[in-house]
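Because only heavy atoms are used, hydrogens play no part in the values below, and waters and symmetry mates are left out as well, while side chains stay in.
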Number of protein chains: 2
Amino acid sequence: MNNEVVYPKNTSKSVTARALAVLGAFNVSEPSLTLSQLARIAGLPIPTVFRFAGELEEGGFLDRDDAGRYSLGVKLWEMGLLTPVHGHLREIAMPFLLNLQYDCREIVQLAVRDGVDAIYVEKLTSEESVPVQSRIGARIPLHATGVGKVLLAYSPESFIEVVMAMQLPRYTPETQTNKRALAKDLAVIKAQGYAKSHQEYLVGSTSVAAPVLVNGVIRASIGIVNYAAREDLDTFAPSVLRAANALGRRLEEIES
Amino acid sequence: MNNEVVYPKNTSKSVTARALAVLGAFNVSEPSLTLSQLARIAGLPIPTVFRFAGELEEGGFLDRDDAGRYSLGVKLWEMGLLTPVHGHLREIAMPFLLNLQYDCREIVQLAVRDGVDAIYVEKLTSEESVPVQSRIGARIPLHATGVGKVLLAYSPESFIEVVMAMQLPRYTPETQTNKRALAKDLAVIKAQGYAKSHQEYLVGSTSVAAPVLVNGVIRASIGIVNYAAREDLDTFAPSVLRAANALGRRLEEIES
DNA sequence: ATATTTCTTTTCACTGAATGAAAAATCTCG
DNA sequence: CGAGATTTTTCATTCAGTGAAAAGAAATAT
């Protein structure tokens, strides 16, 4: 008589990796999830997720509302603040961005490179209606925006080659997907010290961006954008440059 | 012959809790740690932390620099952005804060209540030299600051009683630690719709704060502060009120 | 240059903690 | 109120985590 229960092989992942998968289930369009959704997205059995979620909630990594829906917890937000990208860059950059915003009243952006794309670390806009363009944390291509091209232009030659070797997606008719043309763009940017971009990513958008150099090494990029096809945006180029330079100097000062 | 090795009892905590303890080892003053420090602070054996740290790094939750020092990873920052406090509050509030900053050029703060204290969700200042007062993410008492007292004043009576029953720490000679006097303060705040605070937390600081009400329920508090004993700060009270009201209305609109 | 200390990484015998099917409890909605 | 979906508990089973010890690297002193 064979009444033994079959316990299927525990698939690959470590306990820690599974727990993290639960946190990883959330994303911008689904910032709040039920237990079953969580389990489905994380690819784990419901009781397992139930256990993890309980522990994560305990630690403040997850929140659970009255309806039983989970969302990421305040603890994660607090930890994010301890991250170098926030604590060491955004925090220091903020006054410079604010003053730039004050000067030109355009959308101000701060971006860094992460892997082969750029991430918006901060975006300041006084427009109350939220245009979902360029959320903070959003990843954008290096070859098709002002801040992106600046980050690329000042990167080491070896890295530029890696990016050039990739398939460069086209977003608008103006996107530079031709490697030779892009290389020329980058040269121009380095020559004049800042980048102009005209609807290369989004039709109607124009941007001006400058590098934040710390002891000559690119650290971030500051830019202003206008989505309403404003042609004379580069009258603000000196302001953008001033902000980027000042931030670079401030960072040098702090790190010395 | 007894040569058996003694394997001591595995102390209490679950695997997940231990992994999270590793992340929890970081804090504002120690945003970057070596393996040994990490192990000491987390209270775990080095090899255990070594294993965890490897997995956490794998998932982007930790970063390791060339010197081998660990810091919290970009993934955590990205997750923090998905948190309701950022995605649903800070993001929407930002333009209102920015415009308020534009109007009065004072330090602008956005705070929410979390447990029995307030947390700064955003702080805008155009001052480039960083006064470490009120970091974003910092917890501040409810009874001794402008934004705190507003959050308290508009909280349910039952919660106010809980806070009143606590020992209210004194920070300056002006701090309201007397329960009766504090209750009167709160009544005044509700009557006039905003709070004034004069060096109750830090000598020399003055603040004005107003509630962000969503369908009549307190959600956050917006304030301006000046650390240079500026007496006439309340000339900006109408601006602060306008910003807080506008944000409240915007949130109602979005949530309907 | 060499010894000493400190920190990081690997190994491995051992077991405690995680697992998930199944059942029970609870919630939802026609 | 009953059928279906979702959440929570239970529990027999075993697999993944454990941390002492030793080896390997770095940093620091002699």
Side-chain angles (χ1 to χ4, degrees), chain A residues 1-26 30-73, chain B residues 1-26 30-73:
Chain A
M1 184 181 175
N2 184 347
N3 60 359
E4 58 188 327
V5 188
V6 185
Y7 284 83
K9 269 233 166 89
N10 190 337
T11 40
S12 56
K13 282 162 122 189
S14 71
V15 179
T16 310
R18 285 162 190 225
L20 297 181
V22 172
L23 293 178
F26 297 86
E30 303 278 7
S32 135
L33 298 166
T34 67
L35 180 63
S36 334
Q37 293 176 313
L38 209 47
R40 183 153 11 88
I41 299 174
L44 297 170
I46 292 177
T48 302
V49 173
F50 178 72
R51 223 180 317 116
F52 280 142
E55 289 201 83
L56 291 166
E57 192 190 358
E58 182 97 7
F61 289 76
L62 282 184
D63 263 354
R64 198 166 197 196
D65 63 22
D66 310 318
R69 294 182 71 89
Y70 293 96
S71 59
L72 294 173
Chain B
M1 181 182 177
N2 183 348
N3 60 359
E4 58 189 326
V5 188
V6 183
Y7 284 84
K9 269 233 165 91
N10 190 336
T11 39
S12 57
K13 283 162 121 187
S14 71
V15 179
T16 310
R18 286 161 190 225
L20 297 181
V22 173
L23 294 178
F26 297 86
E30 303 277 8
S32 137
L33 298 166
T34 67
L35 179 63
S36 331
Q37 293 176 313
L38 208 46
R40 184 155 8 90
I41 299 174
L44 297 170
I46 292 177
T48 301
V49 173
F50 178 72
R51 226 182 313 117
F52 280 141
E55 289 200 83
L56 291 167
E57 192 189 358
E58 182 98 8
F61 289 75
L62 282 183
D63 263 354
R64 197 165 198 197
D65 63 22
D66 311 318
R69 294 182 71 89
Y70 293 96
S71 59
L72 294 174

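Take the nearest nucleotide of DNA chain C for Val15(B) and for Leu35(B): the residue whose nucleotide is more 5' is Leu35(B). Residues Thr48(A) and Ala67(A) each lie close to DNA chain C; by heavy-atom proximity, the contact nearer the 5' end of the strand is made by Thr48(A). Remark on DNA chain D: of its neighbouring residues Phe50(A) and Thr16(A), the 5'-side contact belongs to Phe50(A), judged by nearest-heavy-atom nucleotide.
The shortest distance between side-chain heavy atoms of Phe52(A) and Val15(A) falls below 4.5 Å. Residues Thr16(B) and Thr16(A) have side chains not in contact (no heavy-atom distance under 4.5 Å, counting atoms from C-beta outward). Contact check for Leu20(A) versus Leu56(B): side-chain heavy atoms found under the 4.5 Å cut-off.
In this structure, the CZ atom of Phe52(B) is 9 Å from the C1' atom of dT18(D), given to the nearest Å. Taking atom CG of residue Asp66(B) and atom P of nucleotide dA26(D), one finds them 13 Å apart after rounding to whole Å. A straight line from CZ of Arg40(B) to C1' of dT6(C) spans 12 Å, rounded to a whole angstrom. Ile41(B) has its CD1 atom 15 Å from the C1' atom of dC7(C), to the nearest Å. Rounded to a whole Å, the CG atom of Leu20(B) is 12 Å from the P atom of dA18(C). For Arg69(A) and dC27(C), the CZ to C1' distance is 15 Å, given to the nearest whole Å.
Taking only side-chain atoms of Pro47(B), from C-beta outward, the nucleotide of dT8(D), dA20(D), dT19(C) with the closest atom is dA20(D). Listed candidates were dG20(C), dT9(C), dT7(D). Nearest to the side chain of Ile46(B) is dT9(C).
Between Ser36(B) and dC7(C), a side-chain N or O to OP1/OP2 separation shorter than 4.0 Å is absent. Phosphate proximity of dT8(D) to Arg64(A): present, with a side-chain N or O under 4.0 Å from OP1 or OP2. Taking 4.0 angstrom as the limit, Ser14(A) places none of its side-chain polar atoms (N or O) nearer than this to OP1 or OP2 of dA16(D). For dG17(D), the OP1/OP2 oxygens have no side-chain nitrogen or oxygen of Arg51(B) closer than 4.0 Å.
Of the possible donor and acceptor atoms, none in the side chain of Arg69(A) sits under 3.5 Å from a partner among the backbone N and O of Thr34(A).
The shortest heavy-atom contact between Phe61(A) and Leu23(B) is CE2-CD1, 4.1 Å.
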